[in-house]
Amino acid sequence: MSLPSLGIKRLLGLHYYVRNLERSREFYLNKLGFQEAGRSSIELEQSGHQRSIVFQSGEIVVTCSTPLGEGGRAHRYLSKHPDGVGTIAFEVSDIEKTFALLEERGGTAITDVKSFPEPDGNIETFSITTPFGDTTFRFTERKGAKGIYPGMEPLPVTGSTDSAGLFAIDHVTSNFQTMKPALLWLEHVMGFEPLWEVEFHTRDVAKYEIRDGSGLRSKVMWEPESGIKFANNEPYRPAFKLSQINQFYEEHRGDGVQHAALATRDIIGTVETLKRRGVELMPTPRTYYEALPERLERLGIELEEELGTLEELGILVDGSGPGRYLLQIFLRDSAGLYHAREAGPFFFEVIQRKGDQGFGAGNFRALFESIEREQHATSGGS
């Protein structure tokens with residue numbers, strides 16, 4: 001039985017804690033084509049002990065914060081983890097109702113609802129703890145205010161000829177050593193519902209030379225009213241510790257957000273733009289494209305795109321039947337993009353949906369194998 005809705009309108013954005021704010025600024029502005037939509041006020045920096053910049057493309061909002069000394073949230077997060085997503089923010093229609101429902105269901109509020117005056121209205125907000133490691137959820141209602149977060153000085157956002165065509169967050173994926181607590185919490189506290197699941201193991205693909213192989217289980221929960229989707233992964237035996245899900249856990253030093261999928265209406269144009277700007281993408285094995293025509297024929301899918309173009313760009317294809325498919329590709333993780341271990345294992349996905357609302361079971365496997373081959377190469381084949 002479905003629980004009453006929390007009144008979530010949309011996923012407002014991600015709050016990313018980083019050690020090098022200028023490096024992030026370069027990436028979002030010059031690589032992804034985002035715009036600088038806001039920055040922290042002096043008052044907020046003094047009270048919060050961190051400096052922040054808000055980046056935006058369409059409805060995608062990513063706030064990056066770096067510590068200013070000790071005592072702030074960014075410092076506490078980065079004292080335990082590499083760079084990563086420390087908060088996921090939601091916009092709600094009635095914050096008092098959201099707070100009451102979460103409290104009734106056992107949600108653990110960090111603060112009561114707080115109201116912050118803005119020049120054009122008020123922003124009311126509160127945060128709760130989650131089973132997603134040290135990632136919290138923030139809920140916000142903007143009562144007349146146009147600002148994104150309290151204390152952020154907005155900057156004018158206009159159309160950009162440098163945009164890579166990314167316009168919304170399609171879903172957020174998190175990795176756990178065991179995901180059942182998160183699934184139950186999403187269902188019984190947040191009111192999300194099961195949407196999709198898959199499990200597989202790579203031990204039967206010896207031709208890829210992936211050590212002993214490993215696997216994963218993935219289950220997707222969603223909130224039907226808002227369409228917000230959370231994918232959740234855990235390692236799958238045997239070779240639990242060799243799984244890239246477990247390796248994320250070790251590199252991140254705990255459960256947490258592995259990646260966010262950014263939606264585009266023209267993935268070919270987006271990927272061509274990203275490649276032209278020097279953004280590194282996860283490699284796709286040639287054998288993937290050798291097997292693709294047969295798989296598409298079996299599913300009854302006719303592509304509008306040229307298969308050769310997709311292979312040249314490394315774009316993955318999956319689907320559920322005639323006229324229903326999706327296209328996706330994955331950026332290298334932040335540590336690889338920045339060539340700095342402390343940048344962490346978080347990465348972005350780019351996705352274009354063409355009638356299919358799934359998550360590409362075949363592509364999950366291709367990504368999984370690709371990451372494991374790269375890990376195998378960097379470890380010297382040990």
State the CG-OG distance between Leu186 and Ser174, to the nearest 0.5 angstrom.
-> 8.5 Å

Heavy atoms of other groups near Lys219 NZ, more than 12 under 6.0 Å | no

Please examine the side chains of Glu297 and Glu294, heavy atoms only from C-beta on, and report whether any two atoms are closer than 4.5 Å.
-> no

Donor-acceptor pair, side chain of Thr135 and main chain of Val85, under 3.5 angstrom = yes

Check whether any side-chain heavy atom of Met190 sits under 4.5 Å from a side-chain heavy atom of Trp185, and report yes or no.
-> yes

Which value, rounded to the nearest 0.5 Å, describes the distance between Arg277 atom CZ and Glu272 atom CD?
-> 12.5 Å

Which one of Glu118, Glu124, Glu96 satisfies the salt bridge (charged side-chain N to carboxylate O under 4.0 Å, His left out) criterion with Lys143?
-> Glu124

Short question: side chain of Glu91, backbone of Lys9 - any donor-acceptor pair under 3.5 Å?
-> no

Residues Leu281, Val350; criterion side chain to side chain contact (heavy atoms under 4.5 Å, CB included); working and verdict | CA-CA 10 Å; Leu281 303 159; Val350 176; over 6 Å; no

Examine distances only and state if a side-chain atom of Arg237 and a backbone atom of Phe240 form a donor-acceptor pair shorter than 3.5 Å.
-> no

Check whether the ring centres of Phe348 and Tyr16 lie less than 6.0 Å apart, and answer yes or no.
-> no

Determine whether Ile315 and Val279 fall in the same hydrophobic cluster, where Ile, Leu, Val, Met, Phe, Trp and Tyr are linked whenever their side-chain heavy atoms lie under 4.5 Å apart.
-> yes

Answer with yes or no whether the hydrophobic clustering places Leu327 together with Leu296; edges join I, L, V, M, F, W, Y residues whose side-chain heavy atoms lie under 4.5 Å apart.
-> yes

Are any side-chain N or O atoms of Arg39 and backbone N or O atoms of Leu155, one a donor and one an acceptor, separated by less than 3.5 Å?
-> no

In terms of heavy-atom contacts, Val18 and Ser24 come closest through CG1-OG, 3.6 Å

Looking at Phe90 versus Phe137, is the centre-to-centre ring distance below 6.0 Å?
-> yes

Walk me through it: do Leu102 and Phe126 pass the test side chain to side chain contact (heavy atoms under 4.5 Å, CB included)?
-> CA-CA 11 Å; Leu102 286 170; Phe126 72 94; 3.8 Å; yes

Do the side chains of Thr264 and Leu262 get nearer than 4.5 Å, heavy atoms only?
-> no

Within a radius of less than 6.0 Å around CZ of Arg138, do more than 12 heavy atoms belonging to other residues, nucleotides or ligands occur?
-> yes

Can you tell me if Thr284 uses its side chain to pair, donor with acceptor, with the backbone of Gly314 under 3.5 Å?
-> yes

With the side chain counted from C-beta on, respond yes when Leu337 and Phe347 share a heavy-atom pair under 4.5 Å apart, and no when they do not.
-> no

Are Phe167 and Ile228 connected in a single hydrophobic cluster, I mean Ile/Leu/Val/Met/Phe/Trp/Tyr linked by side-chain heavy atoms less than 4.5 Å apart?
-> no

Between Glu342 and Arg23, is there a side-chain N and carboxylate O pair less than 4.0 Å apart?
-> yes

Taking all non-hydrogen atoms of both residues into account, name the closest pair between Gly191 and Leu3 and its distance.
-> CA-CD1, 4.0 Å

Side chains of Ser65 and Ser52: is there a donor and an acceptor less than 3.5 Å apart?
-> yes

Which atoms form the tightest heavy-atom contact between Thr136 and Ile128, and what is the distance?
-> CB-O, 3.3 Å

Matching residue for Phe176 among Phe248, Phe230, Phe132, Tyr249 - test: ring-ring contact (aromatic ring centres under 6.0 Å, His included) | Phe132

On a heavy-atom basis, the closest approach of Val61 and Leu12 is CB-O, 3.3 Å

Leu183 side chain near Asn232 side chain, heavy-atom distance below 4.5 Å | yes

Begin from the C-alpha positions of Val317 and Glu305 and carry the test side chain to side chain contact (heavy atoms under 4.5 Å, CB included) through to its verdict.
-> CA-CA 10 Å; Val317 187; Glu305 299 76 15; over 6 Å; no

Can you tell me if Gln352 uses its side chain to pair, donor with acceptor, with the backbone of Arg265 under 3.5 Å?
-> yes

Can you get from Tyr289 to Tyr325 by hopping between Ile, Leu, Val, Met, Phe, Trp and Tyr side chains that sit under 4.5 Å apart?
-> yes

Residues His171, His259; criterion side chain to side chain contact (heavy atoms under 4.5 Å, CB included); working and verdict | CA-CA 9 Å; His171 63 271; His259 77 267; 3.8 Å; yes

Can you check whether Met152 reaches Thr63 side chain to side chain, under 4.5 Å on heavy atoms?
-> yes

Taking atom types as modelled, is there a side-chain donor on Gln258 or His252 under 3.5 Å from an acceptor on the other?
-> no

Is Glu306 reaching over with its side chain to a backbone N or O of Thr309, donor-acceptor style, under 3.5 angstrom?
-> no

Does a side-chain heavy-atom distance below 4.5 Å link Thr66 with Arg51?
-> yes

Compare all side-chain heavy atoms of Ile329 with those of Leu313 and state whether any distance is below 4.5 angstrom.
-> no

Look up atom CG in Leu316 and atom CG in Leu292, then write down how far apart they are to the nearest 0.5 Å.
-> 9.0 Å

Would you say the side chains of Tyr77 and Gln50 form a donor-acceptor pair under 3.5 Å?
-> no

Which pair of non-hydrogen atoms, one from Glu59 and one from Arg10, has the smallest distance, and what is that distance?
-> O-NH1, 3.8 Å

Report the distance from atom CD of Gln357 to atom CZ of Arg324, rounding to the nearest 0.5 Å.
-> 10.5 Å

If every non-hydrogen atom of Leu101 is compared with every non-hydrogen atom of Ser5, which pair is closest and at what distance?
-> CD1-O, 3.3 Å

To the nearest 0.5 Å, what is the distance between CG (Leu32) and OG1 (Thr273)?
-> 11.0 Å

Within a reach of under 6.0 Å around CZ of Arg253, are more than 12 heavy atoms found that belong to other residues, nucleotides or ligands?
-> yes

Would you say Thr87's side chain and His15's backbone share a donor-acceptor pair under 3.5 angstrom?
-> no

Are Phe34 and Phe55 close enough that their ring centers fall under 6.0 Å?
-> no

Do we see a donor-acceptor contact under 3.5 Å between the side chains of Ser218 and Asn233?
-> yes

Donor on one side chain, acceptor on other, Ser2 and Glu193, under 3.5 Å = yes

Hydrophobic cluster identity match, Ile351 and Leu331, side-chain contacts under 4.5 Å = no

Atom CG in Leu195, atom NZ in Lys229: separation rounded to 0.5 Å?
-> 7.5 Å

Side-chain donor or acceptor of Ser57 paired with backbone N/O of Ile60 under 3.5 Å | no

So, Gln177 and Asp255: side-chain donor and acceptor under 3.5 Å apart, yes or no?
-> no

Got a sec: does the NZ of Lys97 have more than 12 other heavy atoms crowding it under 6.0 Å?
-> no

Is the backbone of Phe139 close enough, under 3.5 Å, to the side chain of Thr125 for a donor and an acceptor to pair up by distance?
-> yes

